[in-house]
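Below is one structure, written out as structure tokens, with a few remarks after it.
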Amino acid sequence: MKKMLVVVDYQKDFVDGSIGFPGAELLDEGIANKVKQAAESGDSVIVYTMDTHSQDYLNTREGKALPVPHTIIETPGWDLYGKTGDAIQKAKKSKVKAKTDANVLVYELCKTTFGVSPEKMLDLFQKAGTDIEIIEMVGLVTNMCVLSNVCVFQAAWPNAQIIVDSSLCASFDPELHQKTLDVLEGMQVKVV
């Protein structure tokens, strides 16, 4: 059974940076452990999304609605956070070293809006293959980027079981977090 782990936007600006919020840092160890487990499984795809904006962010539709510059490419706030960032980098390096392990793919998806673009999803789909059976999603922010990417990944792999680990997702608004989990269950997503 081929599995995919998707870490959504676990970047410094979302955790303790310009739009960070209390509690986001508490997900770090759990997400890092999920990345390690996926890397050690031998037959996984690890995807991590990077919310990526340019210096003209405030002139974009999103920037006008949320006028707080964040995850500007190549700034410290754009980087992956903490142990999760370390685990992803280690998984990428071990993949390079272990050339015989062709079944693990570590893939970065930079995105300029809440969900990954169709072009980038097509590229991932071609690299990861059609045989993904389980897609587990963790990260930030539940009611924005996690929700958007659940829809995008479900469209790409319509027969895969999508799982959202609610203990490893968070929002700046706990009520919106819970409402989003309810909506996801209504979309036949398994919320654990």
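For the pair Asp51/Asp13, no side-chain contact is recorded, criterion being any heavy-atom separation below 4.5 Å from C-beta on. Ile88 places none of its side-chain heavy atoms less than 4.5 Å from the side chain of Tyr10. Side chains of Val146 and Thr180 form no contact here, defined as non-hydrogen atoms less than 4.5 Å apart. Between Lys111 and Lys120, every side-chain heavy-atom pair lies at or beyond the 4.5 Å cut-off. In this structure, the side chains of Val6 and Asn149 stay at 4.5 Å or more apart for every pair of heavy atoms. By the 4.5 Å heavy-atom criterion applied to side chains, Ile162 and Met187 are not counted as neighbours. A 4.5 Å side-chain heavy-atom check between Leu27 and Val138 finds every atom pair outside the cut-off. Looking at Phe172 and Asn143, their side chains come closer than 4.5 Å, going by heavy atoms from C-beta outward.
Residues passing the salt bridge (charged side-chain N to carboxylate O under 4.0 Å, His left out) test with Glu29, sequence neighbours excluded: Lys83. Taking Lys179 as the reference, Glu175 meet the side-chain contact (heavy atoms from CB on, under 4.5 Å) condition, with sequence neighbours excluded. Partners of Leu26 according to the side-chain contact (heavy atoms from CB on, under 4.5 Å) rule, which considers only residues two or more places apart in sequence or in another chain, do not exist here.
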Test salt bridge (Lys or Arg N to Asp or Glu O under 4.0 Å) on Lys127 and Asp123 and set out the steps. CA-CA 6 Å; Lys127 288 182 174 143; Asp123 185 52; 3.2 Å; yes
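Taking CD from Glu119 and CG from Leu124, the interatomic distance works out to 13.5 Å, rounded to the nearest 0.5 Å. To the nearest 0.5 angstrom, Leu168 atom CG is 7.5 Å from Glu136 atom CD. Interatomic distance, Met50 CE to Thr71 OG1, rounded to the nearest 0.5 Å: 8.5 Å. One distance of note links CG of Leu140 with CD of Gln11; it measures 9.0 Å at 0.5 Å rounding. Taking NZ of Lys12 as the start and CD of Glu25 as the end, the distance is 14.5 Å to the nearest 0.5 Å. Atom CD1 in Ile46 sits 12.0 Å away from atom NZ in Lys36 (nearest 0.5 Å).
With hydrogens and angles left out, the side-chain atoms of Thr142 and His177 include a donor and acceptor closer than 3.5 Å. Side-chain atoms of Asp182 and Gln178 include a donor-acceptor pair closer than 3.5 Å. No hydrogens or angles considered: a donor-acceptor pair under 3.5 Å links the side chains of Asp56 and Ser54. Defined by atom type and a distance below 3.5 Å, a donor-acceptor pair is present between the side-chain atoms of Tyr57 and Glu62.
Residues Thr52 and Cys110 share a closest heavy-atom pair of OG1-CB, 3.5 Å.
In this structure, Trp157 and Phe153 have parallel ring planes: the angle between them is below the 30° cut-off, well short of the 60° mark.
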